[in-house]
J.: 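Okay, handing you the structure first.
Scope of the values below: all heavy atoms of this structure, side chains included, with no hydrogens, waters or symmetry mates. Residue numbering restarts at 1 for every chain, and letters A, B, ... go by the order of the sequence lines.
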Amino acid sequence: MFRDAALMAGKDLRIEWRSRVTTQQILPFAVLVILLFGMALDPDRGILARASSGLFWIAVLFCSLLAIQRAFTIEAADGGRDALRLSGLDPAGVFLGKAAAIAVQLIALEIVLAMGVVIIYGARITGFPLLLATCLAATAGLAAAGTLYGVLAAGLRVRETLLPILLLPVLAPVLIAATRAFEAALGGVAVEGWPWCGLLAMFALLYLIFGTLAFGTLLEES
Amino acid sequence: MTTPLDASALRATTGSRATRLLGILTLAGMGLLVWCAFWWSPPDVVQKDAVRLLYVHVPTAIVAFTGCLITTVASAMWLRRKSDGWWLLGLASAEVALVFTAVCLLTGAIWGRITWGTYWDWDPRITSTTMLFILLVGYLALRRIDGESGDAAQRGGRSAVVGLLLFPNVLIVHFSVDWWRSLHQTATITRLDPTIEGAMLFTLMLGIVVFSMFFVWLLMHRFRLAWLDERVGALGLDDAIRARRAEAHPPTPEGKS
């Protein structure tokens, strides 16, 4: 299973590396989103610095939608999904591999966004370990749930519009928990960050387990 | 359960003796509830007459969450058995639950406006009920697409997985919102206050019973309607299916939906 996962993740990341869609389209979009937030909310009144953790995670959420859709579009052409089904790879491995590839892209995205938030919004990082742990746990949750709902919507004519309505309500707990934990790490509000980080880890674990079990059924149908 | 071969074999009604009896009981119960809620029970000391809204609000909330649970159970059962009944129950239950969620949100907003002076507050229950509403809308949107894909053997896995996750997701959302908001406030409105007693408690309990009956009545009708819909769809295909069966070939597996 893990060998299949590594194979799958390697394939997806190689395609991304060669096509440069993540770096040339999704990443600039992420930067654009935080710039647009800055234009919408008056930069002089200090709202940006206070709201930076929320804005950061909203931007990540939107970009993850793009990344997830992209992860399943690459197999849409030339009967790629049929080939995947016939390849004999363990569906659980395919799920973990795709989730891992999405997670790697999201981590790269979050690094750039975090720099943007620090530079453009003037946020100050005080708890670095918490920040790192939150990023990892939230990204695992986003990637796991995203891969599960992504394959569900893949192959449908209305996938672009269906995925957000299915996925975003499910990701609401991730947004809440990651924002709270980030607020603690950015020292803005006196909240305890680690319990929220635990909630994120639980969410990720639940979806990883469920996805590993259910992906076979969904891959057959997509 | 047999596949009818012509339209006359279909009963073109969703009513039966059971639903008629249940309908009459529900109607009578509604009448009693209206009387209890408006005339018999006294106004609340704090909330005044606004408390009467809760006799609808609380039952609809309970029924909506129950409907959501039924959809999850039906999805799980469909994944095990792959029988049409469970597939249709998931749809019927989610649709009826959506209506009750809407009524719950609406009555809650009106109640909030009177009592708190605002239609919306970031109360954990309001927030998670709204999320339930959106989750149900998403599920039904997917159901619609899955339903249109035609082939009964092919369809369903997608909706079933989303349906299966429906109630757990509601729980996760509720838990996280509850935790988030509990940092700011603890009092919730819909908690069954143990201090509530007498006529008010009875009216509330009556509301829960009556609305549960109403839910079951709607669910039965909606389920039968979906069942008839299925059969009508099947009738049009009957000739083609019989012709294919006559060829006595096993159906070739087609991987596309």
J.: Hey, would you say the A:Trp196 and B:Trp180 ring centroids sit under 6.0 Å apart?
T.: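 So the answer is no for these two rings.
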J.: Answer with side chain, backbone, both or neither: which region of B:Tyr139 has an atom nearer than 4.5 Å to a non-hydrogen atom of chain A?
T.: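 Looking at B:Tyr139, just its backbone touches chain A.
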J.: Applying ring pair (Phe, Tyr, Trp, His ring centres under 6.0 Å), name anything that partners A:Phe215, two or more places apart in sequence or on another chain.
T.: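 For A:Phe215 the ring pair (Phe, Tyr, Trp, His ring centres under 6.0 Å) partners, ignoring immediate neighbours, are A:Phe95.
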J.: Surrounding CE of A:Met202 (heavy atoms of other residues, nucleotides or ligands, distance under 6.0 Å), is the total greater than 12?
T.: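 Atom CE in A:Met202 is not packed in, count stays at 12 or less.
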J.: Counting heavy atoms not belonging to A:Phe2, are there more than 12 under 6.0 Å from its CZ?
T.: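 No.
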J.: How many angstroms lie between CG in A:Leu168 and CG in B:Leu135, if you round to the nearest 0.5 Å?
T.: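 If we round to the nearest 0.5 Å, A:Leu168:CG and B:Leu135:CG are 10.5 Å apart.
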J.: Does A:Leu205 have any side chain to side chain contact (heavy atoms under 4.5 Å, CB included) partners at least two apart in sequence or in another chain, and if so, which?
T.: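 For A:Leu205, the residues satisfying side chain to side chain contact (heavy atoms under 4.5 Å, CB included) (neighbours in sequence not counted) are A:Ile209.
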J.: Which residues in residues 163-172 of chain B have a heavy atom less than 4.5 Å from any heavy atom of chain A?
T.: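 From residues 163-172 of chain B, the residues near chain A are B:Leu164, B:Leu165, B:Asn169, B:Ile172.
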J.: Just how far is it from atom OG1 of A:Thr217 to atom CG of B:Leu79, taken to the nearest 0.5 Å?
T.: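 Between atom OG1 of A:Thr217 and atom CG of B:Leu79 there are 6.5 Å.
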J.: Measuring heavy-atom distances to chain B, does A:Leu206 have an atom under 4.5 Å in its side chain, in its backbone, in both, or in neither?
T.: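 For A:Leu206, the side chain is the part near chain B, not the backbone.
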J.: Name the region of A:Pro195, side chain, backbone, both or neither, that has any atom closer than 4.5 Å to a heavy atom of chain B.
T.: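 Its backbone and side chain both get close to chain B.
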J.: Please step through side chain to side chain contact (heavy atoms under 4.5 Å, CB included) for the pair A:Ile176 and B:Trp179, ending with a clear verdict.
T.: CA-CA 10 Å; A:Ile176 293 174; B:Trp179 193 9; over 6 Å; no
J.: Could you name the residues of residues 135-144 of chain A that have a heavy atom within less than 4.5 Å of a heavy atom in chain B?
T.: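 The residues closer than 4.5 Å to chain B amount to none at all.
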J.: If we only count heavy atoms from C-beta on, is the A:Pro169 to B:Val173 side-chain gap below 4.5 Å?
T.: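 Contact flag for A:Pro169/B:Val173 side chains = no.
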J.: What are the two closest non-hydrogen atoms of B:Arg158 and A:Leu152, and how far apart are they?
T.: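 Closest pair (atom of B:Arg158, atom of A:Leu152, distance): CD-O, 2.7 Å.
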J.: Is there side-chain contact between A:Phe210 and B:Val161, with heavy atoms separated by less than 4.5 Å?
T.: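 Side-chain contact under 4.5 Å: yes.
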